[in-house]
Structure formats: C-alpha cells, structure tokens
There are 2 protein chains.
Amino acid sequence: MQPHRILEVTLSRATDRQQKRRRIAEAVCLLADEHGMDGVTLRDVAARAGVSMGAVQRCFGTKDEMLLFALGHISERVTERIAGGSTNAGDLTRVAAEIALLDPAYQHEARVWLAFVARAAVSPLLADVLRRNYELVEVMLERLVSALGVTDARGQARALLALADGLTTHVLVGYLTRDVAADILKSHLDRLTRMG
Amino acid sequence: MQPHRILEVTLSRATDRQQKRRRIAEAVCLLADEHGMDGVTLRDVAARAGVSMGAVQRCFGTKDEMLLFALGHISERVTERIAGGSTNAGDLTRVAAEIALLDPAYQHEARVWLAFVARAAVSPLLADVLRRNYELVEVMLERLVSALGVTDARGQARALLALADGLTTHVLVGYLTRDVAADILKSHLDRLTRMG
DNA sequence: CCGAAAACGATGCAACCGCATCGGATAGTA
DNA sequence: TACTATCCGATGCGGTTGCATCGTTTTCGG
C-alpha cells in the first residue's frame, strides 16, 4: 500500500478518535450541567456518550485529561460563537449578552462553565485553559469597546467581562432574574457608549 | 436540682455544640480552599477539626447539613466584616474591596466562596442561603451608592456586586492579577462617584 | 489471506465514600 | 453509690470511585 493511503487511514482513525472525544466531552458537559462536577464519573460519562467505559479510558488516559479536553471543547465552542458574528461596533450588545450567557438557551452552558471555573480554582491545568480563553475574549471585547472611542479600552473590556461573568453567576444561583441581569448589562453598555 | 440549674447546664451543652459546629465549619472551609468541594469528606473534615468522625456525624445528621451550616457560617462572617465599619459614603471603596475579596488575606475565603457557589448552582438549599446573603449585601451597597446621589441606586449596587464577584473569580483562575482587578474596581467606583 | 496491531467491552481491584451501629466512657440525678 | 441518659470514638457496611487487566474481535499492512 502506498504511503498516501497510510496517511489517509491514519487520518481517518485520528478523525474518528477526535469525534469520539468530542462526543465524550459533550457527555461530560451534560452531566456537569445536571449534577455539578461531582456528578461527572467515568461510568456515567460513558453511559451518556453511549460508549463503553473502556472507550473513555482509551480516549483519555486519565479523568483529568478528559476534563481538560472537555473544558477546551466547550471553551472553543463558546468563543467561536462569540466571535461568530461580524465585529461591528453595534455588535457589542450581542457579544456582551452572549458572554453573559443570559439567554435561557445558554443556561446549561453557564452551569457547565461555573462548574469548570470552580474546579479551575484548585487545578492549575484547567486554570491555564480558562485563562487562555479569557484572554481571547478580552481581545475581542477590547476591539469592540475601543471602536466606541472609549479611553482605556482594555480596562473597560475587562470590566465588562467581569460584570458579565458576575451576572451569569448571580442568575445561576437565583439571586437575580435573567431580565434584571439583562437590564443591568444593558445599562452598563449604554453608559459605555455614551462615554465614547 | 432547681430548674434554673438545668437550664444552665442545657445552655452550656448547647453552647459547646455550637462551638464544635463552628470549628467543624472552619475545617470544611480549609479543605474547600485547598482541594475544592470534592476534597471535603467527612473523614478529612473530622481530622482537620481535630475531632472524631462520629462527632461530625452527631453535630450534623448528614453531610449536606454540614455544608449548609458551613456556608451559613462563612457567609455570616463575610457579611459581618463588610457591615462592620461605619456605613459612611466614603466607605464605599472599602466595602467594595472587601466584597471583591481582593486582599490577599481573603484569597482563601474567595476560593471557599467559589466552591460553594458552584455547588449552589445544583443545590437549591445552598442556593437559598447564598441568595439571602447576596440580598443582604445588596441592601448595604444600595444604601452606600444612593448616598452618592446616583439614580437607580439598586441597579448600580447590583452591578457593582456582580463586577466585584466577577473580578474575584478572574483573579482566582489567574486571568487577572489582584492589582489589575483593584484598578478596574477603583475605576468603576470613581465613575460612579462622578455620576452622583 | 495472514499475522501484527489496535480497539473493544467486561470484569477485577484497591481505595474511598457517607452513613449506621456498637460497647464503653462520662456526667448528671437521686 | 447506684441508675440513667447522653456522649464518644472506633469499626462495619454497602456502594461507588478511578484505574488496571483480561480475552476477544476488528482493522490494517504485506
């Protein structure tokens, strides 16, 4: 068999592996959403993903590796969605709302995110992934904010990011309603726009 | 023996109980700070508190009750510290800094708080305690903010609370340094003051 | 077509979990 | 001093955890 055939096959296998990895990562997110990070066990993950436990072990040498990949997976998805639309100045509102995950459809992602953040506080590896993700979002936000003509765009971007995250958390624990959080976010953005 | 003697003894016993409860709660916080909520097991808690496992079981019927009490314990402590100083208008800076737990001495409390918040997202009982605590802080913040002559003091108080929480989280995962977070918070407060 | 290699799912394993139970130590009452 | 009720710490128990190991099946290169 020719080398290029070998390459094909190898790639195909690798692709399958990656697909299975992603499916497992999805299962991790589902469980983390439902029962928190404690509810993420290898057996339950395998059952949710519709694979055997051995498959999970083969895809990820250890549970921590699995969680690391899962965090990277969801981070990637969220970041891509945020960066998805055009980066017009008017998109700041949309972007901010998506960062805050205020839409009910994103409630699940918000819970997963919170579970990972909490674990990242005591797991340097997870923290690294999270930090990288925040820096990516910060860059995007800074661009949008600076387009408003605001001074200290970076600081304002960071503040907006923190505000959005805090609001998400407060909604999750039931302290604020989604509507109230959305109003607060909107008010903040209005003020930011007025500043420019 | 007279009834009042009985009352004395009973009270003394009850006091001992509460003291032991608090000591156990402290141990819970220590462990949650070091290894996250997963690291909080009855055995480790007992060892940390310097009591037997049976003592922990006797103080709290179940693990959830223990966690519930521990959350109430730390919430109370933080809230009291925040409300401790006089509520002058100038104290807004101090209060905000203490809410954000930016001082390195509060780093541990911040980690514990995050661990509980994450669990509260999937535990209604914990969420109730947390929500009550947030509402308490909100009232204090609203009073301070309204003293600045700001319109929509409640909304601004909520925004400030969310910003502080978000900054705390971002510092914990290593995305922001304490100094940067403090600057952002200060900048926000300055703007708020200028608004009034 | 065949042999090596990889993937597979099932099962085993030691450690740990929360909780229940137990006999003995202790303290309060008459 | 006896009696009793509470407290105490140790141990047991069923269940679950993450991970290792097994024989078997599938896949792929020659």
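What you see is a predicted model, and the numbers here were worked out from it, not measured in a lab. Just so it is clear: chains get the letters A, B, ... in the order the sequence lines come, proteins before strands, and each one is counted from 1.
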Closest-nucleotide mapping onto DNA chain D: is A/Gly61 or B/Ala55 further toward the 5' terminus? I mean the 5' end.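 The residue closer to the strand's 5' end, by nearest nucleotide, is B/Ala55.
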Nearest-nucleotide wise, let me know which of B/Ser52 and A/Asp38 is further upstream toward the 5' end of DNA chain D.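 First, find each residue's nearest nucleotide; the 5'-ward one identifies B/Ser52.
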Find the distance [X]:[atom1] to [N]:[atom2] and express it as a whole number of Å.
X       : N      : atom1 : atom2 : value
B/Leu67 : C/dC17 : CG    : C1'   : 14 Å
A/Asp44 : D/dG15 : CG    : P     : 16 Å
B/Gln57 : D/dC7  : CD    : C1'   : 14 Å
B/Met53 : C/dG18 : CE    : C1'   : 7 Å
A/Arg17 : C/dA5  : CZ    : P     : 18 Å
B/Lys63 : D/dT16 : NZ    : C1'   : 13 Å
B/Met66 : C/dC19 : CE    : P     : 9 Å
A/Asp64 : D/dT17 : CG    : P     : 16 Å

Look at atom NE2 of A/His73 and say whether more than 12 heavy atoms of other residues, nucleotides or ligands are closer to it than 6.0 Å.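 Yes, the 6.0 Å shell around NE2 holds more than 12 heavy atoms from other groups.
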Across the strands shown, which category fits A/Val40 at heavy-atom distances under 4.0 angstrom: base, sugar-phosphate, nothing?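 The residue A/Val40 makes sugar-phosphate contact but no base contact.
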Is the shortest side-chain N/O distance from A/Arg58 to OP1 or OP2 of C/dA6 below 4.0 Å?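 Result: no.
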Does D/dT16 have OP1 or OP2 sitting under 4.0 Å from an N or O in the side chain of A/Thr41?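 So the side-chain polar atoms of A/Thr41 never come under 4.0 Å of the phosphate oxygens OP1 or OP2 of D/dT16.
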Can you figure out which of C/dC8, D/dG18, C/dG18 approaches the side chain of A/Lys20 most closely?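 Shortest atom-to-atom distance from the side chain points to C/dC8.
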From the list D/dC8, C/dC19, D/dG18, which nucleotide is the closest neighbour of the side chain of B/Arg43?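 Of the candidates, C/dC19 comes closest.
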With the threshold set at 4.0 Å, does a side-chain nitrogen-carboxylate oxygen contact exist between B/Asp190 and B/Arg194?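 Salt bridge between B/Asp190 and B/Arg194, a charged N being under 4.0 Å from a carboxylate O: no.
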Salt-bridge test for A/Glu98 and A/Arg94: reply yes if a basic N is under 4.0 Å from a carboxylate O, no otherwise.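 Salt bridge present between A/Glu98 and A/Arg94.
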Please tabulate, one pair per line, all N/O donor-acceptor pairs under 3.5 Å involving side-chain atoms of residues 144-154 of chain A, not counting sequence neighbours.
residue, atom, partner, partner atom, Å
A/Ser146, OG, A/Glu142, O, 3.3
A/Ser146, OG, A/Arg143, O, 3.0
A/Asp152, OD1, A/Gly155, N, 3.2
A/Arg154, NE, A/Glu138, OE2, 3.4

Which atom pairs, donor and acceptor, lie under 3.5 Å between side-chain atoms of residues 101-109 of chain A and protein residues at least two apart or in another chain?
residue, atom, partner, partner atom, Å
A/Asp103, OD1, A/Ala105, N, 2.8
A/Tyr106, OH, A/Arg81, NE, 3.4
A/Gln107, OE1, A/Arg178, NH1, 3.2
A/His108, ND1, A/Asp33, OD2, 2.6
A/Glu109, OE1, A/Arg81, NH1, 3.0
A/Glu109, OE1, A/Arg81, NH2, 3.1
A/Glu109, OE2, A/Arg77, NE, 3.4
A/Glu109, OE2, A/Arg77, NH2, 3.4
A/Glu109, OE2, A/Arg81, NH1, 3.4

